[in-house]
Amino acid sequence: MSFRSGSIGLLRAASSRICTVQCGHTQVFGPTARLYTTRSSLSVPSSRASAGRSGSMTAISLERRHYASKRDNYPPKVSLKNNVVDVEHRGRSLKLSAAYLLDHCRCSKCSHAKTKQRLKTLSEVDPNVFISELTPSSDGITVQWHGQDGHTALFPWRFWARLVEAQSPQISSKILWDNKIASKPPSIDYERLMPSSAGEEEAEKAVLEWISKVDQYGFCFVNGVPATPEATEELINRIGTIRQTHYGGFWDFTADMSLGDLAYSSQQLPAHTDSTYFTDPSGLQIFHLLSHPPPGEGGHTLLVDGFKAALQLEHDQPGMYQTLSTVPVPHHASGNQGLMYRTCRPVLTVTHEEGDESLEMVRWNNEDRGVLVDRDGWDEESTVEVWYEAAREFERILRSRENEYWVKLQPGTVCVIDNWRVLHGRSSFTGSRRMCGAYVGRDDWRSRLWTLQRRFSNTQKDDLWDFGW
Ligand SMILES: [Fe+2]
Ligand SMILES: [Zn+2]
């Protein structure tokens with residue numbers, strides 16, 4: 001199993017559909033020294049190309065320095081033959097059709113500069129369109145299509161390079177862990193995250209550090225939080241909009257079974273992920289123990305890295321990993337009058353990109369598991385029995401002592417968990433235990449992560465070519 005990010009499946013599909021139209025027109029450009037000469041020695045053939053230029057000379061110089069510092073060949077080598085555009089870069093290559101390029105044109109007719117949205121339908125992109133000319137410049141390559149009202153547009157060098165680089169497996173930023181993480185769990189101080197104490201800019205940088213840790217480890221503690229619901233809610237809002245569910249938005253409760261879920265009891269809860277009965281399970285689970293005064297005891301928090309456990313299963317029992325990633329399992333929430341949530345999805349959500357697999361989500365909640373059925377006949381080798389065998393092994397890994405990280409949280413420490421990866425649980429407790437917290441949707445916290453990464457990176461902030469990957 002490999003952990004991957006980004007989306008390249010579409011590019012793959014497009015690039016493998018090679019245009020077979022014969023036009024016998026061949027042009028070859030780059031990499032050549034002249035692209036590092038002054039702009040005056042280069043020709044930019046149309047006003048459209050100039051309108052599509054990436055920006056100032058400074059920006060171009062920065063881009064060159066970036067690549068020059070890596071000692072890579074830049075720009076990519078781009079050539080046209082039989083209406084197919086060949087791109088070579090860093091030992092890799094790909095072939096693009098004329099229609100693919102027209103579909104990806106970001107000129108003002110094809111793409112809205114402010115909203116970054118496409119402005120033409122697929123039916124407006126003739127699959128048999130011809131490219132009449134490619135013209136290199138310091139900024140990139142200007143493509144001119146036959147017909148299409150003389151459509152001409154500049155595709156900057158970084159577009160070609162990035163397309164080729166997108167073929168390479170992405171390096172995962174995930175750090176898998178076991179109970180040894182107890183010696184140094186990922187954490188950050190509350191004061192650094194709040195603009196009122198740290199200032200706007202520094203607080204935003206700290207939020208990036210915070211959710212980057214959640215991205216890497218699947219959880220992160222925040223220390224020094226005032227033990228009040230107000231401060232906790234304000235903190236959660238630093239990540240994003242609180243997600244409304246049938247439990248409400250921000251919750252603040254004691255164990256009174258006011259809602260029909262064992263979370264509202266005082267009994268022990270084995271490691272699980274939340275809302276497995278949603279098609280889109282809650283992205284972040286954030287909670288804060290506000291108080292648990294003596295003589296109350298127990299209520300230790302349990303965290304388990306579901307990705308690490310899945311990796312272990314795949315390594316030791318690949319067939320079982322396959323079973324858990326393909327056999328649909330029903331989950332439901334039926335404890336509340338008038339509500340019935342249910343899904344039927346595999347325990348492991350595996351996405352397929354370029355034939356390579358990457359684990360996206362672990363759904364594991366034995367309490368909320370529904371009725372297993374086998375529609376293909378039922379015997380001792382039925383899918384149900386095969387699933388049980390795999391699930392028992394996965395549970396054994398999840399419950400192994402080395403994978404269980406137990407911690408006694410105190411008021412003042414907020415726990416943020418990537419609910420698509422890390423399982424949580426708790427030991428039973430006595431006394432009055434007041435908790436508060438909320439969910440944040442997966443797409444919302446990922447959006448916050450990416451926009452902060454963008455804000456504090458060196459990329460051009462409003463570059464149309466940098467969106468949509
Ligand atoms: Fe839970
Ligand atoms: Zn266009």
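When reading the values below, keep in mind they use all heavy atoms of this one structure, side chains included, and skip hydrogens, waters and symmetry mates. Order of listing sets the numbers, starting from 1, for every ligand and every atom in it.
Looking only at side-chain heavy atoms (C-beta outward), R238 and R448 come within less than 4.5 Å of each other. Contact check for Y439 versus I286: no side-chain heavy atoms found under the 4.5 Å cut-off.
Protein atoms of type N/O/S that fall under 2.8 Å from the Fe ion (ligand 1) number 3 in this view.
Around the Zn ion (ligand 2), the angle linking H151 (NE2) with C105 (SG) is 110°, rounded to 10 degrees. With the Zn ion (ligand 2) as vertex, C107 SG and C110 SG subtend 110°, rounded to 10°.
Between W469 and F159, the ring-plane angle classifies as tilted under the 30° and 60° cut-offs.
Counted within 6.0 Å of CG on L122, heavy atoms from surrounding residues, nucleotides or ligands total 12 or fewer; the atom is thus considered open.
Here E233 contributes atom CD and L235 contributes atom CG; the two are 11.0 Å apart, rounded to the nearest 0.5 Å. Residue T142 holds its OG1 atom at 4.5 Å from CG of L154, rounded to the nearest 0.5 Å.
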Name every donor-acceptor pair, under 3.5 Å, that has one atom in a side chain of residues 287-300 and the other anywhere in the protein, sequence neighbours excluded.
unit_1	atom_1	unit_2	atom_2	d
H288	ND1	T232	OG1	2.8
H288	NE2	G412	N	2.9
H292	NE2	T430	O	2.7

